[in-house]
4 protein chains.
Amino acid sequence: MRARTFTESGRRAQIVRAAIEVIAEAGYLKASFSRIAKHAGLSSTGMISYHFAGKEDLLKACVTEIEEVTGAFMQPRIDAAVGHVAQLRAFVESNVELVGEHPAEIRALIDLVKNAGSQSGAVNGRLALFEEHFRTGHAAGAFGPLDARTTALALTAGLDAVVATAAANVPEPAELTRIGRELADLFVRATAPETTGEPE
Amino acid sequence: MRARTFTESGRRAQIVRAAIEVIAEAGYLKASFSRIAKHAGLSSTGMISYHFAGKEDLLKACVTEIEEVTGAFMQPRIDAAVGHVAQLRAFVESNVELVGEHPAEIRALIDLVKNAGSQSGAVNGRLALFEEHFRTGHAAGAFGPLDARTTALALTAGLDAVVATAAANVPEPAELTRIGRELADLFVRATAPETTGEPE
Amino acid sequence: MRARTFTESGRRAQIVRAAIEVIAEAGYLKASFSRIAKHAGLSSTGMISYHFAGKEDLLKACVTEIEEVTGAFMQPRIDAAVGHVAQLRAFVESNVELVGEHPAEIRALIDLVKNAGSQSGAVNGRLALFEEHFRTGHAAGAFGPLDARTTALALTAGLDAVVATAAANVPEPAELTRIGRELADLFVRATAPETTGEPE
Amino acid sequence: MRARTFTESGRRAQIVRAAIEVIAEAGYLKASFSRIAKHAGLSSTGMISYHFAGKEDLLKACVTEIEEVTGAFMQPRIDAAVGHVAQLRAFVESNVELVGEHPAEIRALIDLVKNAGSQSGAVNGRLALFEEHFRTGHAAGAFGPLDARTTALALTAGLDAVVATAAANVPEPAELTRIGRELADLFVRATAPETTGEPE
DNA sequence: AATGAATGAGACTTCATTCAT
DNA sequence: TATGAATGAAGTCTCATTCAT
């Protein structure tokens, strides 16, 4: 448990940034140490091994970094929303809008999630969050009697797919906003309680 | 454009089958020619290169093969359904049930689709199909005024995710049926027209 | 369990020979795949990996090869000797004389044994052989009441050291013969029964 | 030729101690600067390179350190013995008993001697000592008409092997004493003059 | 139609050493 | 005196592909 030097933090950050960009541009499969080193302007792959315990360690650092960036954008918007339905909407819409701000990070994250698979705590974390949200939301009358797990699975995957497609070819901000609203509408309809009472 | 001899067809089929099994068991990343050759009982990878133009060619053949298998299961069920909503439901339910019949093929296909990415005609084919389905369905009053593209994207991805999860750890047939129905419900609600009139 | 082609056997033998020579000249530590490949006139280290499962596999093949060579030289001489003492003498003398015939193999084997350590069955095999020889020899009145294990350990190591030194700078045949006889005398004296009766 | 400050001496000693322990535990091959630095609680390998001219220098320092420790144990016992035979016996027995006192140092030394090879002055020093001892001992009538060099070579190697085996799995003190005596007997018999006169 | 051999690039990792601070 | 950063070579191994037979 050693404190990190300024230089080390800087190098680590530089390498992580390079890795994210490489993954975004060339894909997870092509994100080799050589490619990342070249992209980062490093003379050798040994440098990366020096700063990271291994490939897994580097990729974990990438995920963490991206999650910080995306969290900083999305979390305030989600927190500002009141009620389960509004929060679901805020999550979806801010996630789609995020594409306009950090397309590379988004592309990389989605590729990481796809390939790193279930190892990463990131995916399962969000999945569990959604699941719990649908459960408590149903109790509060915001959602119908859903199979929370299946619903969470389907909607997070659907969200990812839309976001990934948008990130691959970033549209105008207005179009992005429209897509986000459209998708949120879709999800809200999908999860709405059958009888239209006075939810929350 | 030379006709294929029987032997050649046999060898190709044998290799494709081995490749599918390897992908299902070890994942796309580990599906190297050596591994596939070993699984197929071939003594060298040269055999594979001889029968397929390259790795991409082999993978494409795998996708085609799997699609035939899955199509044979799903298509009759979809054709038997009348109306846009019922067809959507049939697609979803039969796809989930398919997991019980061909888990390996499903696992492989999903891995292929994830990694082969947007190159594959398969994904885009289904996507276009869904898109068109939502468009014509709206015109027929079966679906609401959806953004067909976004909806198709989200729902196919959501379906894949549920199927992939089920395939990774195949549940009882009854549970599979329940999940399929649950998911179909979700999708039908999501795409339903707002005013409950007399759709189709 | 596939039969080996002529070509494959040839290549394997060629690589093993190169490996033995490299180990003899540069030592176990420096015997890298690149060095061996270069010595064998191969264009890449991949070739070695193609024919051998790994470094361990190659080294094992080297040991086997060397044991065949040395066995072919020593075994007849040992078998020709009658009685425990004469056999011990034959072993020692033929082992030392062997240096004149196959210095490289001897150098390599000793380095392999030193570094591969107790993994190899070779060392322990010979050790057990000596141990058993001293035990049965004692029962037959040829040797004194020795601690068979300690004796076997000390004498095999002593033999190796003398052989290794000779192999490092091969002397004239006559001198080699003299050293072998001297060493055999030493060992025979060391293991002789205290009372000089009529052994065997 | 600059005198060493106290701190420098301390650091050097610390590193040497760590190196010895690493070699004893993990073996010569695994004793990399990183591993040694980690074991010594140093944060970088640079520290080692700073204090030692190179790897060889460090290893030489290890050998020197170990020889001091072993010398302190063995030398008094050897000096206390009177006559060539008794001294040979004292050397062997104290060396084997030493295993009970400093197993790590012994393990490390043996690994160093094996791998550092003939470069080290240590081995050749002891070898020359033995050789001279046998020569003068013969003149004094204590030993037979031996080939001093060959005998020295064989016996030192035999001693090392027994010691190494004991060090790898340290036995009870009594057993250690027994092994030492057994080995000394072996060596005394091996070197005894043929006619039993009045040696010394 | 098939095969085994060969290729060369590239993967990740570890190493001993140097150097500026 | 000490340190962390950087280097570049070398390590073993796997890969998809080509080619002569």
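Chain letters run A, B, ... following the sequence lines, proteins first and then strands; every chain starts at 1. Nothing here was measured: the structure is a model prediction, and the numbers come from that model.
Note: CG (C:Leu58) to P (F:dG11) measures 14 Å, nearest angstrom. At whole-Å resolution of the value, CG in C:Leu29 and P in E:dT14 are 18 Å apart. Between A:Lys30 atom NZ and E:dG10 atom C1' the separation is 13 Å, expressed in whole Å. For the pair D:Glu56 CD and E:dC15 C1', the computed distance is 16 Å after rounding to whole Å. If you take CZ of D:Arg35 and P of E:dA16, they are 11 Å apart, rounded to a whole angstrom. At whole-Å resolution of the value, NE2 in C:His51 and C1' in F:dT14 are 15 Å apart. Atom pair B:Phe52:CZ and E:dA1:C1' shows a separation of 14 Å (rounding to whole Å applied). Whole-Å rounding puts the B:Ile15 CD1 to F:dA16 C1' distance at 14 Å.
Each of D:Gly54 and A:Lys55 has a nearest nucleotide on DNA chain E; the 5'-most of these lies closest to A:Lys55. In terms of position along DNA chain F, the nucleotide closest to C:Ala31 lies nearer the 5' end than the nucleotide closest to the other residue of the pair C:Ala31 and B:Ala31.
D:Lys55 is linked by a side-chain contact (heavy atoms from CB on, under 4.5 Å) to D:Phe33, D:Leu59, counting only residues two or more places apart in sequence or in another chain. Residues meeting the side chain to side chain donor-acceptor pair (under 3.5 Å) test with C:Glu68, sequence neighbours left out: none. Legend: residues meeting side-chain contact (heavy atoms from CB on, under 4.5 Å) with B:Ser34, ordered by chain and number and at least two apart, are B:Ser32, B:Thr45.
Within the 3.5 Å criterion, the main-chain N or O of A:Phe52 finds no donor-acceptor partner in the side chain of A:Asp57.
A side-chain contact (heavy atoms from CB on, under 4.5 Å) with C:His102 is found for exactly one of C:Thr70, C:Ile66, C:Val69, namely C:Val69.
Annotation: the span from D:Lys60 atom NZ to D:Leu112 atom CG amounts to 12.5 Å, rounded to 0.5 Å. Rounding to the nearest 0.5 angstrom, the gap separating the CD1 atom in B:Ile110 from the CG atom in B:Asp160 is 5.5 Å. Taking CD1 of B:Ile48 as the start and CZ of B:Arg11 as the end, the distance is 11.0 Å to the nearest 0.5 Å.
For the OP1/OP2 pair of F:dA10 and a distance below 4.0 Å, the side-chain nitrogens and oxygens of C:Ser34 include no atom meeting the criterion. A sub-4.0 Å separation between OP1 or OP2 of F:dA6 and a side-chain N or O of A:Arg11 is present. Between B:Ser32 and the phosphate of F:dT14, there is no side-chain N or O to OP1/OP2 separation shorter than 4.0 Å.
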When Watson-Crick pairs (N1 to N3 and N6-O4 or O6-N4) and G-U wobble pairs (N1-O2 and O6-N3) count only below 3.5 Å on both distances, what is the dot-bracket string of DNA chain E, with | for other-strand pairs?
.||||||||||||||||||||

Side-chain polar contacts of residues 17-27 of chain A - donor-acceptor pairs under 3.5 angstrom, sequence neighbours left out - could you list them?
from	atom 1	to	atom 2	distance (Å)
A:Glu21	OE1	A:His39	NE2	2.7

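A heavy atom closer than 4.0 Å to some atom of DNA chain E occurs in A:Thr45, A:Gly46, A:Ser49, these being the qualifying members of residues 37-49 of chain A.
Here B:Phe33 lies in heavy-atom contact (under 4.0 Å) with a base.
Summarising the geometry of B:Ala168 relative to B:Arg107, their closest heavy-atom pair is CA-NH1, 4.2 Å, with the distance given to 0.1 Å.
Residue C:Tyr50 places a side-chain atom within donor-acceptor reach of the base of E:dA5, judged by atom type and a 3.5 Å distance cut-off alone.
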